[in-house]
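Below: one structure, written as structure tokens.
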Amino acid sequence: MAKITASVYTSHVPAIGAALDLGKTQEPYWQPVFRGYDFSKQWMKDHQPDVIFLVYNDHATAFSLDMIPTFAIGTAASYRPADEGWGPRPVPVVQGHPELSAHIAQSVIQQDFDLTIVNKMDVDHGLTVPLSLLCGQPAAWPCPVIPFAVNVVQYPVPSGQRCFNLGKAIHKAVESYDQPLKVQIWGTGGMSHQLQGPRAGLINKVFDNAFLDRLIADPEGQASVPHIDYVREAGSEGIELVMWLIARGAMADVTGGAKPKVAHRFYHVPASNTALGHLILENN
Ligand code: DHB
Ligand code: FE
């Protein structure tokens, strides 16, 4: 059977992708950001998954205001890096895993979550920047990726509780797949940031670090925090953090297994207009 081996959490700031693509990683501003991922890149090599289930949000790139799925699972054979206005990022095409995607869709929908099936889409910085941070600049990404898009852009957004429960359903789905695959689940976005309006530039280090503490030690408790608390405390785009609860809900301890091992934790301000957070949890 397939297994969820670990969860990875990271911000997906687009300027980080640009810094990488334009060869600026050694500049004084960016050095401390990328240094936080040195451990992670080696960890990825040492803990090579067969598939990455990558939870992210589309930023009005693949989905416009014409149609807004709350949860959408990619079932395609491949996904191209999206053109977000400056041409597509010079990164590899993302290979999918249609068989595992179809299995997860079947299982999760039968567990009463409504998923939109996406057979064709391009993927924006929400998905490609985390891959770049953890994998560097390879000629091909190290394994197939299943994109899982969550609406945190247009209200109403799903609650942290619903995201956490969805993570449990994804865990069950993955572990009922009849192939011995090692699957990592990634939650991306955050941490505190607000990109527009009078509060633009908002950063809340206290909130962010409390979120990291609680995500590790008391995810059930964190799941009960209402969406408005994220928006008030962590800014309008801080709501992206509910996606981390999907990945956390898929870890073994949530359904009676052992507590995960904290392999890596990193926090840095600023990265562009945002606070950057990163965590790696391993299932024991
Ligand atoms: C920015 C955009 C994002 O989607 C994000 O998560 C963080 C920062 C930005 O445009 O700076
Ligand atoms: Fe974002």
Side-chain angles (χ1 to χ4, degrees), residues 8-25 27 29-30 33-34 36-37 40-41 44 52-65 68-69 72-74 76 78-96 118 120-138 140-142 145-154 157 185-196 200-201 234-244 246-247 266 268-278:
V8 174
Y9 310 80
T10 180
S11 305
H12 60 214
V13 190
I16 293 175
L20 248 169
D21 301 341
L22 300 171
K24 295 184 175 180
T25 59
E27 290 187 359
Y29 182 88
W30 289 111
V33 170
F34 288 100
Y37 290 81
S40 317
K41 288 201 281 267
M44 273 303 284
I52 296 168
F53 188 92
L54 203 156
V55 180
Y56 75 112
N57 67 293
D58 178 78
H59 300 74
T61 304
F63 307 124
S64 68
L65 292 183
I68 307 168
I73 185 166
S78 64
Y79 309 87
R80 287 178 317 180
D83 183 348
E84 297 179 64
W86 297 270
R89 288 191 62 211
V91 295
V93 168
V94 176
Q95 301 303 321
V118 183
K120 185 173 190 295
M121 72 174 164
D122 294 346
V123 285
D124 74 9
H125 68 270
L127 184 132
T128 63
V129 166
L131 285 174
S132 294
L133 280 168
L134 275 288
C135 307
Q137 295 174 294
W141 299 120
V145 175
I146 297 177
F148 190 90
V150 178
N151 170 42
V152 285
V153 168
Q154 175 64 36
V157 298
I185 183 163
W186 293 16
T188 76
M191 296 193 81
S192 56
H193 63 297
Q194 170 142 352
L195 300 176
Q196 71 281 306
S236 52
E237 279 70 43
I239 189 64
E240 289 182 342
L241 284 172
V242 294
M243 297 186 289
W244 293 34
I246 297 179
F266 176 63
H268 178 80
V269 175
S272 183
N273 304 308
T274 90
L276 180 146
H278 174 38

Heavy-atom neighbours of K120 NZ exceed 12 at 6.0 Å: no
Flag for H59-E240: side-chain donor and acceptor within less than 3.5 Å: yes
Gap between atom CE of M191 and atom OG1 of T10 - 0.5 Å precision: 10.5 Å
Straight-line distance of S192 OG to L276 CG, nearest 0.5 Å: 10.5 Å
Minimal non-hydrogen separation, N57 against V153, with atom names: ND2-CG2, 3.7 Å
Test item: P147 and M121 side chains (from C-beta on) under 4.5 Å apart, heavy atoms: yes
Flag side-chain contact, heavy atom, 4.5 Å: I52 against V8: no
Minimum-distance pair of heavy atoms, taken over all atoms of W30 and K24: CB-O, 3.6 Å
Nearest heavy atoms of S11 and A275, plus distance in Å: OG-O, 3.6 Å
Parallel, tilted or perpendicular: rings of F53 and F148 (30°, 60°): tilted
Distance-minimising heavy-atom pair for I68 and Q154: CD1-CG, 3.5 Å
Pairwise side-chain contact, P130 with Y56, heavy-atom cut-off 4.5 Å (strictly under): no
Reported OG1-to-CG distance for the pair T128 and D21, which is rounded to 0.5 angstrom: 8.0 Å
From W141 atom CH2 to L54 atom CG, the distance as rounded to the nearest 0.5 Å: 10.5 Å
Side-chain touch E84/P14, heavy atoms, less than 4.5 angstrom: no
Distance (rounded to the nearest 0.5 Å) between N151 CG and M243 CE: 10.0 Å
Reported CD-to-CD1 distance for the pair Q95 and I146, which is rounded to 0.5 angstrom: 13.0 Å
Criterion side-chain contact (heavy atoms from CB on, under 4.5 Å) on T61 and H125, from CA distance to verdict: CA-CA 10 Å; T61 304; H125 68 270; 5.9 Å; no
Chi angles and distances behind the side-chain contact (heavy atoms from CB on, under 4.5 Å) call for M44, Y37: CA-CA 10 Å; M44 273 303 284; Y37 290 81; over 6 Å; no
Backbone of V55 reached by a side-chain donor or acceptor of T188 within 3.5 Å: yes
Criterion side-chain contact (heavy atoms from CB on, under 4.5 Å) on V145 and W186, from CA distance to verdict: CA-CA 10 Å; V145 175; W186 293 16; over 6 Å; no
side-chain contact (heavy atoms from CB on, under 4.5 Å) between V94 and L127, intermediate numbers included: CA-CA 10 Å; V94 176; L127 184 132; 3.9 Å; yes
Non-hydrogen side-chain atoms of D83 and D122 separated by less than 4.5 Å: no
Minimum heavy-atom distance S78-V93, with the two atoms named: CB-CG1, 3.9 Å
Exercise: identify the closest heavy-atom pair between V13 and S272: CG1-CB, 3.6 Å
Pairwise side-chain contact, D124 with H12, heavy-atom cut-off 4.5 Å (strictly under): no
Side-chain touch V91/Q137, heavy atoms, less than 4.5 angstrom: no
